[in-house]
There are 2 protein chains.
Amino acid sequence: MSVSVKDVAARAMVSVGTVSNVLNRPDKVAPDTVTRVQAAIVELGFVRNDAARQLRDGRSRSIGLIVLDVANPFFTDIARGAEDRAAEAHLTVLLGNSDENTARETSYLDLFEEQRVHGVLISPLGDVRARLERLRLRGTPTVLVDRQTDDKSFSSVAVDDVAGGTLAVSHLASIGRRRIAFVGGPGSIRQVADRFIGARTAAKATAGMTLEVISTDALTVLEGRAAGQAIMAREPAERPDAIFAANDLLALGVLQALNMAGVSLVPQEIALIGYDDIAFASAAVVPLSSVRQPSELIGSTAVDLLLREVAGGDEFAHEQIVFQPELVVRDSTAG
Amino acid sequence: MSVSVKDVAARAMVSVGTVSNVLNRPDKVAPDTVTRVQAAIVELGFVRNDAARQLRDGRSRSIGLIVLDVANPFFTDIARGAEDRAAEAHLTVLLGNSDENTARETSYLDLFEEQRVHGVLISPLGDVRARLERLRLRGTPTVLVDRQTDDKSFSSVAVDDVAGGTLAVSHLASIGRRRIAFVGGPGSIRQVADRFIGARTAAKATAGMTLEVISTDALTVLEGRAAGQAIMAREPAERPDAIFAANDLLALGVLQALNMAGVSLVPQEIALIGYDDIAFASAAVVPLSSVRQPSELIGSTAVDLLLREVAGGDEFAHEQIVFQPELVVRDSTAG
DNA sequence: TCGGGCTATTGAAACGACTCATTCGCATCG
DNA sequence: CGATGCGAATGAGTCGTTTCAATAGCCCGA
């Protein structure tokens, strides 16, 4: 059925070893032999069988990436950064979407383990530490993405979410807002928790500021809309005068809800700021203020760290890289 | 290093064949043997090596999906639909992003071929027919996504883009617009070409309607913004009174540009309609009218067709499925 | 007690590429 | 003319799983 090195060897009248050499170290083979073998390859339409290669050297040429939500441009940007850097190292990225669901997260880890993946990049959801330790014992290193570890046992690439939260709420304070609502959840997601901590810090530092939490079940446009509707259901006096949403998807949802109410409340009545600065933020009903993270850079850096771990072996000092977020002010927090 | 069936067999004091049977047909094995083997598996932390399985049965348990742009929510939706359906059949989806770039497209096809992928779903860019024929000869069927074939030699799932184009422009006509601009490109992308054809048809059917083309190099927010700026650079009298953008990303970009100009021109001066109805369309500065496609359904249907081809063997009658698009009217074409 | 009919288990072969110790052929040198 | 050195080519063995024909063991009926 499928053409194998053996067929190529037969046709070129050389041994399989030579074919393999032509494929992998052509300089070790006499020029005319190379030509002959390559001709045979073309004539027969030979294509390497990756499974056989993988079997032989015990690991695949892919790295697994598990993100919380592919529908979130922040993560597709990370994926793109990772993919580009991986391609330079002749590696492929397998993209898994945990969808903020631990079962899916686990099932992707299972898959990656069966595939003997080169390494794993993960934006973890549940408590996967034990799992990752096991992978490491097997020789598959992990880099945590968008998350710092408490201990130093893993490499990680993250953005300082506490600082980001502070950035957002300080900004709201600076435009005179005092009754802040934090929209986000579940709190088990570390990014959400940290952004809230940062927000709380800033709130405490501001005289007369109150901070309430409106919690959501996921970081999606839909959940944001629900939160926005809950706010609009209140008496106007009971509403916050500023909202900090844990990410842009939520913020856009909130914005939709506030706008469906008819009058345009943002930013006069209610200021709104999101997080991630996805491409759509600037195109929103009211261009959205946000906290920008260097997403592609996160992805490519994660791959760099991973490759370093792969090369370094066990006795590698894990590295924790933390980027700083950046405030982006637009109309939604004007005045 | 890695634990193999052999180790499990030794520990459970059975043969490797029996371990394999426990893994694949536990009903053929005596109950207490099953228990013993499973215990050994847990104790040793055995995980199947996928490469070896693939090598054995000649193909992987993945299907390859090549899309034009992962940053476009339309395609991530398709991917999600495909992934869910594939998971039901215990298959994985490898997502490749051609980025509207034939070199990348080819390189993903190479990769999938080396991986002996189960089948390929592709939203083709260049002329890949020959390539796909070759894959088919190797036993790897293809389903074209978001594209109908001219001949009937491939299965395909598509949406009637000509109808969609007509839908959009007829709608613009119905709200009294006559000087239409079509923003889109490159024309080599079939979706773009078809939507334009549909637009032209509708334009011709409308008395006094003119249709100009403002062409772009890609279907991105950035390109859309450039097109919008080009329009704003004109004398107001020279500007169109309605814009049909080939997709929502472009439309959002155009919208940004028109809005940066300060005054809010949409929809009074210029009506705007996009295509795809991505989730962000309704959250735009001016909620965007669009033409909706059933994206997740496209993805899952494509996998269905693919599986049918895999099962059906060579003598399978290829199926062409065409969905109808649907007009979604929002503020950007109000009045 | 022997044989037939079961079920449970075995173990070797096969999948395809890669590696590496070995061999081959040839030219150069003493 | 034999020894030495060197580049080129070889081919068996390996990776881990699955398959399948063959075997082992067992019970039951004749």
Side-chain angles (χ1 to χ4, degrees), chain A residues 1-38 40-41 44-61 90 110-111 113-118 138-140, chain B residues 1-38 40-41 44-61 90 110-111 113-118 138-140:
Chain A
M1 175 101 331
S2 191
V3 182
S4 79
V5 274
K6 214 175 295 178
D7 304 308
V8 174
R11 170 129 197 167
M13 304 197 296
V14 296
S15 71
V16 294
T18 301
V19 175
S20 181
N21 281 335
V22 170
L23 256 22
N24 302 305
R25 329 176 193 55
D27 47 307
K28 294 281 167 212
V29 181
D32 48 332
T33 309
V34 173
T35 321
R36 198 146 33 90
V37 171
Q38 281 171 341
I41 287 177
L44 298 175
F46 166 78
V47 174
R48 276 161 140 116
N49 182 327
D50 202 50
R53 307 181 73 191
Q54 289 181 203
L55 174 59
R56 189 78 205 344
D57 63 48
R59 59 162 58 151
S60 85
R61 257 163 300 287
H90 300 282
D110 289 345
L111 178 70
E113 197 168 353
E114 289 197 0
Q115 305 243 37
R116 300 293 191 271
V117 135
H118 220 76
R138 276 211 164 56
T140 305
Chain B
M1 172 101 332
S2 191
V3 182
S4 80
V5 274
K6 215 175 292 179
D7 304 309
V8 174
R11 171 129 195 167
M13 304 198 296
V14 296
S15 72
V16 295
T18 300
V19 175
S20 180
N21 282 335
V22 170
L23 256 22
N24 302 305
R25 330 175 191 55
D27 47 308
K28 294 281 167 211
V29 181
D32 48 332
T33 309
V34 173
T35 320
R36 199 146 33 89
V37 171
Q38 281 172 341
I41 288 177
L44 298 175
F46 166 78
V47 174
R48 271 167 148 115
N49 183 326
D50 202 51
R53 306 182 75 192
Q54 288 180 205
L55 174 57
R56 190 77 209 338
D57 62 49
R59 59 163 59 151
S60 84
R61 257 164 300 289
H90 301 282
D110 289 345
L111 178 69
E113 197 167 353
E114 289 197 359
Q115 305 242 36
R116 299 294 191 273
V117 138
H118 220 76
R138 276 210 163 58
T140 305

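Reminder, nothing fancy here: chain letters follow the sequence lines and each chain counts from 1. What you see is a predicted model; the values in this text were computed from it and never measured.
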Touch check for [X], heavy atoms < 4.0 angstrom, all strands: base, sugar-phosphate only, or nothing?
{"X": "Arg25(A)", "value": "sugar-phosphate"}
{"X": "Val29(B)", "value": "sugar-phosphate"}
{"X": "Asn24(A)", "value": "sugar-phosphate"}

- Rounded distance [0.5 Å steps], CZ in Arg59(B) versus OG in Ser2(A):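 Those atoms lie 11.5 Å apart.
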- Straight-line distance of Leu111(A) CG to His90(B) NE2, nearest 0.5 Å: 12.5 Å
Under 3.5 Å, side-chain donor or acceptor atoms of residues 7-18 of chain A against the rest of the protein: list the pairs with distances, not counting sequence neighbours.
from: Asp7(A); atom 1: OD2; to: Ser4(A); atom 2: N; distance (Å): 2.8
from: Arg11(A); atom 1: NE; to: Glu43(A); atom 2: OE1; distance (Å): 2.7
from: Arg11(A); atom 1: NH2; to: Glu43(A); atom 2: OE1; distance (Å): 2.8
from: Ser15(A); atom 1: OG; to: Gly17(A); atom 2: N; distance (Å): 3.4
from: Ser15(A); atom 1: OG; to: Thr18(A); atom 2: N; distance (Å): 3.4
from: Ser15(A); atom 1: OG; to: Thr18(A); atom 2: OG1; distance (Å): 3.3

- Output all residues satisfying side chain to side chain contact (heavy atoms under 4.5 Å, CB included) with Arg61(A), sequence neighbours left out; order by chain, then residue number.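 Here the qualifying residues are Asp50(A), Arg53(A), Gln54(A), Asp57(A), Leu91(A).
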- Item | side chain to side chain contact (heavy atoms under 4.5 Å, CB included) against Val34(A), all qualifying residues, sequence neighbours excluded |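 In terms of side chain to side chain contact (heavy atoms under 4.5 Å, CB included), with neighbours along the sequence ignored, Val34(A) is linked to Val22(A), Val29(A), Gln38(A).
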To the nearest angstrom, how far is [X] atom [atom1] from [N] atom [atom2]?
{"X": "Asp32(A)", "N": "dG25(C)", "atom1": "CG", "atom2": "P", "answer": "17 Å"}
{"X": "Arg53(B)", "N": "dG16(C)", "atom1": "CZ", "atom2": "C1'", "answer": "18 Å"}
{"X": "Ile41(A)", "N": "dA17(C)", "atom1": "CD1", "atom2": "P", "answer": "10 Å"}
{"X": "Asp57(A)", "N": "dG16(C)", "atom1": "CG", "atom2": "P", "answer": "18 Å"}

- Message: Taking the nucleotide of DNA chain C with the nearest heavy atom to each, does Val5(A) or Thr33(B) sit closer to the 5' end?
- Response: Thr33(B)
- Message: According to side chain to side chain donor-acceptor pair (under 3.5 Å), does anything in residues 21-33 of chain A pair up with another residue at least two apart or in another chain? List the pairs.
- Response: Ser20(A)-Asn24(A), Asn21(A)-Arg25(A), Asn24(A)-Arg48(A)
- Between Phe46(A) and Leu23(A) the two heavy atoms that sit nearest each other are CE2-CD2, 3.9 Å
- Task: Have a look at the helix from dT1(C)-dA30(D) to dG30(C)-dC1(D) and give the angle its two end axes make, five pairs each, rounded to 10 degrees.
- Result: 70°
Contact list (N/O, under 3.5 angstrom) for nucleotides 10-15 of chain C vs protein:
from: dT10(C); atom 1: OP2; to: Ser15(B); atom 2: N; distance (Å): 2.7
from: dT10(C); atom 1: OP2; to: Ser15(B); atom 2: OG; distance (Å): 3.1
from: dT10(C); atom 1: OP2; to: Thr18(B); atom 2: OG1; distance (Å): 2.7
from: dA14(C); atom 1: N3; to: Arg56(B); atom 2: NE; distance (Å): 3.2

- Message: Using a 4.0 Å cut-off to any heavy atom of chain A, which nucleotides of DNA chain D are the first and last in contact, reading 5' to 3'?
- Response: dA8(D) to dG16(D)
- Do Lys6(B) and Val19(B) have side-chain heavy atoms sitting under 4.5 Å apart?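 Contact flag for Lys6(B)/Val19(B) side chains = no.
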- Message: Any heavy-atom pair between the side chains of Glu113(A) and Thr140(A) that's under 4.5 Å?
- Response: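 With C-beta onward as the side chain, the pair stays apart.
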